[in-house]
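In what follows, a structure is listed as structure tokens, so that the remarks can point back to it.
As a basis for the values below, the full set of heavy atoms in this structure was taken, side chains included, without hydrogen atoms, waters or symmetry mates. Counting convention: from 1, in listed order, for ligands and their atoms alike.
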Amino acid sequence: MFNDLKNKVAVVTGSSKGIGQSIAERFGQEKMSIVVNYYSDRLGAEKTVELIKAAGGRAVTVHADVNTESGVQSLLKSAIDNFGKLDIWVNNAGIENRVATHEMTLEEWQKVINVNLTGVFLGSKTALDYFVKNNVQGNIINMSSVHEQIPWPGFSHYAASKGGVKLFNETIAMEYADKGIRVNAIGPGAINTPINAEKFADKEQLKDTLEMVPMKRIGDPEDVAAAAAWLASNQSSYVTGITLFIDGGMTLYPSFQYGKG
Ligand code: BGC
């Protein structure tokens, strides 16, 4: 637990399931107040609120499309109306789908870029504007991926969006560092979440993935949530502009494991 997080107010986008839900629950354990954002899964968002309340935090749900200005504005407004302020903004919402690049439609490309990259821009802009105008030494956490670094055939739109998140994250971290605003990213590897449920239910695909993880296990959303809590807390007060990989070593060139090469 990180004592300074108590009574902090956070927006967590895409927190109706998966990593976002786990971060929101962890923030609840830290006795924080959380705006739980969802796009399509209202029941999931309500479940997140239950988890937060059971853990001792406060929470409200807000339906919003993070790819629109009005959507992200409604998240900020909810934080202020319900909890009086904003301290932490987590740009977590993200999507992916497999499609060969030569068959990818412009719509498919734009959909992934819009949520994963433009959504991160709009969320960050909204939080930064609030932090600057109100003199808040706020904190932004952007959900990236091991694929900000590792190419991923079949997912070129996704990899491009995460590569974009990496440099956007570093750039705004530098741009606002002298105001005491910290901006960091998290790069999850293979994590047990609904986005991966089908893939990891298939024995062959699970085996293939585990071969790429030196620690030989799939990560849990709680592993990512713990990183988010640390990055949000003052325990990481001298850290800005990094991507913290939570990946069991996936970014370490796993094919060299056991001395190959
Ligand atoms: C993706 C997962 C994938 C993992 C490792 C993540 O960014 O969301 O679907 O399993 O990267 O490839």
Revision key, fill the gap. The atoms of ligand 1 lying under 4.0 Å from a heavy atom of Y158, numbered in the order shown, are 1 (C), 6 (C), 7 (O), 8 (O)
Study note, to complete from the structure: The closest protein heavy-atom partner of atom 3 (C) of ligand 1 is K199 NZ, 3.5 Å
Check your understanding: Given that the side chain starts at C-beta and the backbone is N, CA, C, O, which of these parts of E96 lies under 4.0 Å from ligand 1, counting heavy atoms, or is it both or neither?
Key -> side chain
Check your understanding: Which protein non-hydrogen atom lies closest to atom 2 (C) of ligand 1, naming both residue and atom, and how far is it?
Key -> N196 OD1, 3.3 Å
**Study point:** Numbering as shown, the atoms of ligand 1 that approach S145 to under 4.0 Å (heavy-atom distance)
**Key:** 6 (C), 7 (O), 11 (O)
Review point. Going by distance alone, is a donor N or O of one side chain under 3.5 Å from an acceptor N or O of the other, for T101 and S156?
Key: yes
Exercise for review: Please report which non-hydrogen protein atom sits nearest to atom 5 (C) of ligand 1, along with the residue it belongs to and the distance in Å to one decimal place.
Suggested key: H147 NE2, 3.5 Å
Practice item. Indicate whether any N or O donor in one side chain lies under 3.5 Å from an N or O acceptor in the other, for T61 and E46. Key: no
Let me check something: any side-chain donor-acceptor pairs from residues 183-195 under 3.5 Å, sequence neighbours excluded? List them with distances.
residue, atom, partner, partner atom, Å
N184, OD1, G241, N, 3.0
N184, OD1, I242, N, 3.0
N184, ND2, V239, O, 3.0

**Study point:** Closest protein heavy atom to atom 4 (C) of ligand 1, given as residue, atom name and distance to 0.1 Å
**Key:** G189 O, 3.5 Å
**Study point:** Side-chain H-bond candidate by donor/acceptor type, N116 with H157, under 3.5 Å
**Key:** no
Review point. Are a donor atom and an acceptor atom from the side chains of R182 and S236 found within less than 3.5 Å of each other?
Key: yes
**Study point:** Distance-only side-chain donor-acceptor flag, Q21 / T48, under 3.5 Å
**Key:** yes
Review point. Applying a 4.0 Å heavy-atom criterion (strictly less than), which segment of K162 is in contact with ligand 1: side chain, backbone, both, or neither?
Key: neither
Can you list, pair by pair, the side-chain donor-acceptor contacts under 3.5 Å of residues 202-209, counting residues two or more places apart and other chains?
residue, atom, partner, partner atom, Å
D202, OD1, E204, N, 3.0
D202, OD1, Q205, N, 3.1
T209, OG1, Q205, O, 2.9

Point to revise | Numbering as shown, the atoms of ligand 1 that approach M250 to under 4.0 Å (heavy-atom distance) | key: 5 (C)
